[in-house]
Amino acid sequence: MSDSGGPAGDDDIGLPKATVFKLIQEMLPEDIACSKEAKDIIVDCCVEWVKLISTQSNTVCDESSKKTISPEHVIEALKQLGFEDYIPEVEESNKDFKQSQKERTRTQPDTNGMTQEELLALQERLFASSQARYEAGQ
């Protein structure tokens with residue numbers, strides 16, 4: 001809600017500009033530049049896209065008497081809006097996400113019965129491993 005007590009306005013909705021700007025730069029060839037104004041327009045288009053898909057997904061969810069939007073609702077919304085070409089990529093992304101969630105829960109270390117010193121050593125190893133993965137991705 002906004003400070004005035006009414007519903008949230010469009011000013012309250014947004015995407016992290018730095019993240020979108022980084023995506024834009026990664027997608028462009030190195031010899032092409034993009035002005036800040038053009039990047040801002042792309043951010044606005046992304047926000048409108050998210051609103052459109054969310055609204056239609058919510059409608060599909062309501063029509064199926066559900067209270068939580070599921071990936072199936074999003075896929076149906078894409079069909080209804082004429083964006084069928086995006087569905088295979090959305091399904092693949094959803095499959096990858098589900099797999100990463102399964103792997104994430106399986107990779108949690110067993111800390112039962114560990115001493116404070118062992119827990120601290122484990123934490124330091126995990127931080128070092130995370131830092132190495134982060135630096136490798138840079």
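The structure presented is a predicted model; accordingly, all values stated were derived computationally and were not measured.
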Transitive ILVMFWY side-chain link [X] to [Y], under 4.5 Å:
X	Y	value
L15	L23	no
I24	I32	yes
L119	L126	yes
V74	I87	yes
W49	I69	yes

Query raised in the report: For Y86, does the OH atom have more than 12 heavy-atom neighbours from other residues, nucleotides or ligands under 6.0 Å away?
Result: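 No, not enclosed.
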
Report task. For E89, look at atom CD and say whether over 12 heavy atoms of other residues, nucleotides or ligands are found less than 6.0 Å away. Result ->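 Incorrect, the count does not exceed 12.
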
Interatomic distance, [X] atom [atom1] to [Y] atom [atom2] [nearest 0.5 angstrom]:
X	Y	atom1	atom2	result
L28	K39	CG	NZ	8.0 Å
L81	I53	CG	CD1	5.0 Å
L78	Q56	CG	CD	9.5 Å
C61	E72	SG	CD	11.0 Å
I75	E91	CD1	CD	4.5 Å
Q99	D96	CD	CG	8.5 Å

**Report entry** Side chains of R133 and S129, donor plus acceptor under 3.5 Å
**Finding:**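 Looking only at side-chain atoms, S129 and R133 do form a donor-acceptor pair, the distance falling under 3.5 Å.
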
Report task. Applying side-chain contact (heavy atoms from CB on, under 4.5 Å), run through L52 and F83 and close with a yes or a no. Result -> CA-CA 12 Å; L52 176 67; F83 296 115; 4.1 Å; yes

Closest contact, heavy atoms only, [X] versus [Y]:
X	Y	result
Q131	E135	NE2-OE2, 2.6 Å
C34	Q25	CB-OE1, 4.4 Å
H73	V60	CD2-CG1, 3.7 Å

Query raised in the report: Hey, does the side chain of T55 reach the backbone of K51 with a donor-acceptor pair shorter than 3.5 angstrom?
Result: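 Judged by distance alone, yes, a pair lies under 3.5 Å.
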
Report task. Take F21 and I42, measure what side-chain contact (heavy atoms from CB on, under 4.5 Å) needs, and give me the verdict at the end. Result -> CA-CA 9 Å; F21 287 2; I42 293 171; over 6 Å; no

Query - Residues D62, K67: salt bridge by 4.0 Å N-O rule - result: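 No.
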
